[in-house]
Number of protein chains: 2
Amino acid sequence: MDVRTLCLGVLSLGDASGYEIKKRLESTFNHFYDASFGSIYPALNQLQKEGLVHCETEAQTNRPDKKVYNLTVDGQLKLVSELNNMLGRDRVRSEFLVAMLFSDLLPAGRIGDMIDRRLDELGKLVAELENREMKATPAQQFVAGYGRATYEAATNYLKENRYLVESEALLAQVSSDRFEVPD
Amino acid sequence: MDVRTLCLGVLSLGDASGYEIKKRLESTFNHFYDASFGSIYPALNQLQKEGLVHCETEAQTNRPDKKVYNLTVDGQLKLVSELNNMLGRDRVRSEFLVAMLFSDLLPAGRIGDMIDRRLDELGKLVAELENREMKATPAQQFVAGYGRATYEAATNYLKENRYLVESEALLAQVSSDRFEVPD
DNA sequence: TTATCCATGTAAGAAGTTACATGATTGA
DNA sequence: TCAATCATGTAACTTCTTACATGGATAA
């Protein structure tokens, strides 16, 4: 999945400029995909060259012309074909889990802070997704609900199991076999 | 988080060669990080230049010498410092969710297949994590359990809500407003 | 008055993957 | 007989991010 396909997807929901595509990614794909302007603008130009999108320019005063893109028939077909080939596995990059894995190298208080921060983030994500589920098509509800379900599970898990990485007693046992504390 | 820090982390659990680091990533970090040989070997050489790891070469017959790495004191300090700065957000890349978001552009049967495949993958991940939780330190249990909790939540969610993207009736309503079916 | 919104684009750089080179041993 | 395991490394390539260029209008 590259930014080009992502743009085709957003455009299938309605015509948009590069700027608007970025905004819509933030509000709809937020929790499982994103892209910067530096990748979106070149992607759109390339899609246009390939005839997958069509562009109409609206003149504007005091700022660059707004270029509104829409899918061509070829673009629609391309999107469907890409969707059919989405067999890739999900990939997660979690600095939080890395830190937790090595929690015995950090002070217990620091771990507690990290978990609190994470719970806070999860709470915000859940609230946002709940809100999003209201004004959405069934497919959008499904995807937002999927995110909410996993975030809620993560929240509960953290609350119930944080003692595993915060207990000084457990930590001492393990870390004595690791780095020796210098004098 | 780059591959260099990942290598420092694995080495903090015990000395290892580049090859072994890859294997341990697969068995321990599998569900939230990975790296290829093409990034691990250069990372180790760079870490050695910086004095963060030390290397001992074991001669072998019929294959390249095995280079076993271990953390230096500087390496240990660097790892702790990196762990303290892990404030980055989790990022998920899910082709599955992208496909679901645009499910009204695909035949309902295809969506069903994708969900079945996904349930299968999730089942395998849960089984593997359950197994891993047995023979692990508290921190490793915590991280494996976190993964298991979210995968189980995803599994239940998919089973209970798949109708949202599989129902032909719902699909027809929505997609009639999107692409027109050509003759 | 400072930040954010709008609006597009380029260039340099970071960070990684894939594919290749080499090649014996072992298990299915 | 075919694939996987062990073992390191390089080079080409892909892909994306960050920072910059430009700059008025508007909201806090």
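What you see is a predicted model, and the numbers here were worked out from it, not measured in a lab. No hydrogens, no waters, no symmetry mates; every other heavy atom, side chains included, goes into these values. Chain A is the first sequence line, chain B the second, and so forth, proteins listed ahead of strands; every chain is numbered from 1.
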* **Toward the 5' end of DNA chain D, by each residue's nearest nucleotide, A/Pro64 or A/Asp2** => A/Asp2

* For A/Gly38, report the nucleic acid contact type (base, sugar-phosphate, nothing); a contact means any heavy atom under 4.0 Å. => base

* Asked: Taking the side chain from A/Gln46 and the backbone from A/Arg4, do they hold a donor-acceptor pair closer than 3.5 Å?
  -> no

* Contact under 4.0 Å: A/Ser17 side-chain N or O vs C/dA7 OP1/OP2 -> no

* NZ/NE/NH1/NH2 to OD/OE distance under 4.0 Å, A/Lys124 and A/Glu128 -> no

* Structure fact -> Here the distance between atom P of D/dA7 and atom CG of B/Leu44, to the nearest Å, is 14 Å

* A/Glu56 CD to C/dT8 C1', straight-line distance once rounded to whole Å -> 18 Å

* Just how far, in rounded Å, is P of C/dT8 from CG of A/Asn45? -> 10 Å

* Asked: To the nearest angstrom, how far is B/Leu47 atom CG from C/dA15 atom P?
  -> 13 Å

* Asked: Which nucleotide in the set C/dG9, D/dC16, D/dC6 lies at the smallest distance from any side-chain heavy atom of A/Tyr41?
  -> C/dG9

* To do: Round to a whole Å and report the spacing from CG of B/Asp34 to P of C/dA15.
  => 17 Å

* Tell me yes or no: between the side chains of B/Thr5 and B/Asp2, is some donor less than 3.5 Å from an acceptor? => yes

* To the nearest angstrom, how far is A/Phe37 atom CZ from C/dT4 atom P? -> 14 Å

* Mind calculating the distance between NZ (A/Lys22) and P (C/dT4) to the nearest angstrom? => 13 Å

* To do: With the side chain of B/Glu20 defined as its heavy atoms from C-beta on, choose the nearest nucleotide among C/dT8, C/dT17, D/dA7.
  => D/dA7

* Grab the CD1-C1' distance between B/Ile40 and D/dA7 for me, whole Å please. => 12 Å

* Asked: Does B/Ser36 place a side-chain N or O at less than 4.0 Å from the phosphate oxygens OP1/OP2 of C/dT17?
  -> yes

* To do: Say whether, by atom type as modelled, one donor and one acceptor occur between the side chain of B/Glu58 and the main chain of B/Lys67 under 3.5 angstrom.
  => no

* Side-chain N or O of B/Lys67 less than 4.0 angstrom from OP1 or OP2 on D/dT8? -> no

* Spell out, as yes or no, whether a donor-acceptor pair under 3.5 Å connects the side chain of A/Glu20 to the backbone of A/Ser17. => yes

